[in-house]
2 protein chains.
Amino acid sequence: MPKTPPGQTRNRVFRFVRDCLLRGDSPSLREVQRHFGFRAVETVRAHLTALVEEGRLVKEPGRARGYRLPKRFSSPAPDWPTGRLQPVPLLGEVAAGGFEEAIENPEGNLPVEIPDSRDLSDYFALRVRGESMSGAGILPGDTVIVERRGTPVSGQIVVALLEEEATVKRLHLGQDGMELRPENPGFDTLRPPPGTCRILGRVVELRRQIR
Amino acid sequence: MPKTPPGQTRNRVFRFVRDCLLRGDSPSLREVQRHFGFRAVETVRAHLTALVEEGRLVKEPGRARGYRLPKRFSSPAPDWPTGRLQPVPLLGEVAAGGFEEAIENPEGNLPVEIPDSRDLSDYFALRVRGESMSGAGILPGDTVIVERRGTPVSGQIVVALLEEEATVKRLHLGQDGMELRPENPGFDTLRPPPGTCRILGRVVELRRQIR
DNA sequence: TGGTATACCAGACAAATGTCTGTTATGCTG
DNA sequence: CAGCATAACAGACATTTGTCTGGTATACCA
């Protein structure tokens, strides 16, 4: 193998390993070796060790296929909460059966980043129906991710179970009781009598597929 | 270790391995063993082999940490396109440097489902600045996922690189040339002279974190 | 000229990891 | 009950993978 200018091969190795890792697939030293046609494993190890020292890679010691991308690559974004990626159940028709049955029979699962302090069972996802929240940028067909934990707070966007139907509205709590306010001039504020409405949780994330 | 009802432990093992894999981290047999407190590795292997036979997992033979999720699991919902979950780079300031440098230095990564037919390099994510698209339910602070492939089509929501700044607008192509239309009455349509504007791709997904 | 750094090679070794074979229970079923 | 399937265990073994120690060659610099 001919000797290459300093740093050149190193960069190629980095790009290869990075792309593997982005594909969610940590390569072994020998896989990298084969890819580049090196005749010694040690060549690869030298490069990877150097890359770790440069801070371009991170290694979990004592572990096969233990190379990782440093945090700033793997975390969703600096200001997003760090957490685990978990399959959150996407509920179909909440109206038909009760809410509990809907949780048990999800239409599918959504990979969602949830905080380490929370449990997967605190979350579910729901398809939005109707235009009533379009003023808040929540359109029909959007998917909302809902957190069930905690007591409802005035001003939050919540999912309420009302007459066997789940709806997304902004919650307001006053001395007159509970108000569910749409954010669209064409819709009226709901003032459900006590006992007829259950707050399922608050909306923490929104996803929309376009086209 | 007491014997558990049929299928019960199997499901717990599956959920554990699935969660590891969603985090992008294939566990070794002994890691699973430790997690459940099994006293034999073989117990884990039996479960995993069974899960592969049931089609709930997939295995790359002759390879350490070779268990994977089958393609279809990661599908969020029946009508969503099936694809792989991939870490899409979230770009920071596109304005400052050029676009290519921004791709190389992502601010973070977002786990996004991308179709099998596409490549990870066809995608990037971007934070939305400004109110110009709020009429389309795209608010400042939202994250858009952008597909770079294909030719721009009139009517699509696109990301355009204009004067070293990336903006989200709706594209219209007419005989007068290209128009970038905001969806907010307070903003004007842009008609960039030929050569001054580059369409980076079309918006395929939107995500918003609330509170 | 010698020293030093870098790129790469060679092979032995050790640790991590997957595979196999056989054994002990337990529950179900004919 | 015998037969069978499942859950779990035990330990040996093979393969994959990472680590180490030392060597060759080339470029660069004092």
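In what follows, chains carry the letters A, B, and so on, assigned in the order in which the sequence lines appear, proteins first and then strands, with residues in each chain numbered from 1.
One can place CG of B/L48 at 13 Å from P of D/dA7, the figure rounded to the nearest angstrom. When rounded to the nearest whole Å, the span between CZ of A/R39 and C1' of D/dG23 equals 14 Å. The NE2 atom of B/H47 sits 6 Å away from the C1' atom of D/dA7 (whole-angstrom rounding). Between the CZ atom of B/R12 and the C1' atom of D/dA7 there is a distance of 13 Å, given to the nearest Å. The distance from atom CZ of A/F36 to atom P of C/dC9 is 13 Å, rounded to the nearest whole Å. Atoms CD (B/Q33) and C1' (C/dG18) sit 12 Å apart, rounded to a whole Å.
One cannot find a donor-acceptor pair under 3.5 Å joining the base of C/dC8 and the side-chain atoms of A/E42.
Qualifying side chain to side chain contact (heavy atoms under 4.5 Å, CB included) partners for A/E54, counting only residues two or more places apart in sequence or in other chains: A/R10, A/A50, A/L51, A/R56. Residues satisfying the side-chain hydrogen bond (donor to acceptor under 3.5 Å, both in side chains) criterion with B/S26, sequence neighbours excluded, are absent altogether.
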Distances under 3.5 Å between protein N/O atoms and the N/O atoms of nucleotides 15-18 of chain D, please, pair by pair.
{"residue": "D/dT17", "atom": "OP1", "partner": "A/R65", "partner atom": "NE", "Å": "3.1"}
{"residue": "D/dT17", "atom": "OP1", "partner": "A/R65", "partner atom": "NH2", "Å": "2.3"}
{"residue": "D/dT17", "atom": "OP1", "partner": "B/A64", "partner atom": "N", "Å": "3.4"}
{"residue": "D/dG18", "atom": "OP1", "partner": "A/R65", "partner atom": "N", "Å": "2.9"}
{"residue": "D/dG18", "atom": "OP2", "partner": "A/L29", "partner atom": "N", "Å": "2.5"}
{"residue": "D/dG18", "atom": "N7", "partner": "A/R30", "partner atom": "NH1", "Å": "2.6"}
{"residue": "D/dG18", "atom": "O6", "partner": "A/R30", "partner atom": "NH2", "Å": "2.8"}

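Side-chain contact check for B/V203 versus B/I145: every heavy-atom pair is 4.5 Å or farther apart. For the pair B/E60/B/R68, a side-chain contact is recorded, criterion being any heavy-atom separation below 4.5 Å from C-beta on.
Using a cut-off of 4.0 Å between Lys/Arg side-chain N and Asp/Glu carboxylate O, B/R208 and A/E205 are scored as not salt-bridged. Using a 4.0 Å cut-off between a side-chain N of Lys or Arg and a carboxylate O of Asp or Glu, A/D25 and B/R63 qualify as a salt bridge.
For C/dC9, the OP1/OP2 oxygens have a side-chain nitrogen or oxygen of A/T43 closer than 4.0 Å.
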